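A short write-up of the structure that comes next.
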Amino acid sequence: MIQVKVFDEEHEDDLEESVNEFLSGLPQDHVIDIKYQIAVCENAHEENETMFSFSAMIIYKK
């Protein structure tokens with residue numbers, strides 16, 4: 001069965017840690033693909049505040 005696992009963090013180091021922790025419990029040949037994305041948003045309520053979202057989706061065989 002093919003499944004996905006989605007991660008979303010405010011800091012790239014946190015995303016790296018979460019993804020690596022998940023991958024450590026998964027056989028290497030079960031990973032099909034990893035998608036990575038960064039979103040940036042200017043906060044209209046706070047002057048000069050930029051928000052980041054680092055996300056990854058792992059597609060894998062269970």
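What you see is a predicted model, and the numbers here were worked out from it, not measured in a lab.
- Every side-chain hydrogen bond (donor to acceptor under 3.5 Å, both in side chains) that Ser18 has, sequence neighbours left out, goes to Glu9.
- A cation-pi arrangement is present between Lys5 and Phe7, with the terminal nitrogen or guanidinium carbon under 6.0 Å from the aromatic centre and inside a 45° cone about the axis.
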Start with the C-alpha gap between Val6 and Ser55, add the side-chain angles, then the distance that decides, and say whether side chain to side chain contact (heavy atoms under 4.5 Å, CB included) holds.
CA-CA 7 Å; Val6 177; Ser55 59; 5.5 Å; no
Review item, side-chain donor-acceptor pairs of residues 19-37, under 3.5 Å, at least two apart:
unit_1 : atom_1 : unit_2 : atom_2 : d
Asn20  : ND2    : Glu16  : O      : 3.3
Ser24  : OG     : Glu21  : O      : 2.7
His30  : ND1    : Lys61  : O      : 3.0
Asp33  : OD2    : Lys35  : NZ     : 2.8

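- By the side-chain contact (heavy atoms from CB on, under 4.5 Å) test, Val40 pairs with Ile38, Thr50, Phe52, sequence neighbours left out.
- Transitive grouping of hydrophobic side chains (ILVMFWY, heavy atoms separated by less than 4.5 Å) brings Ile2 and Val4 into a common cluster.
- Rounding to the nearest 0.5 Å places CD of Gln3 at 4.0 Å from OH of Tyr60.
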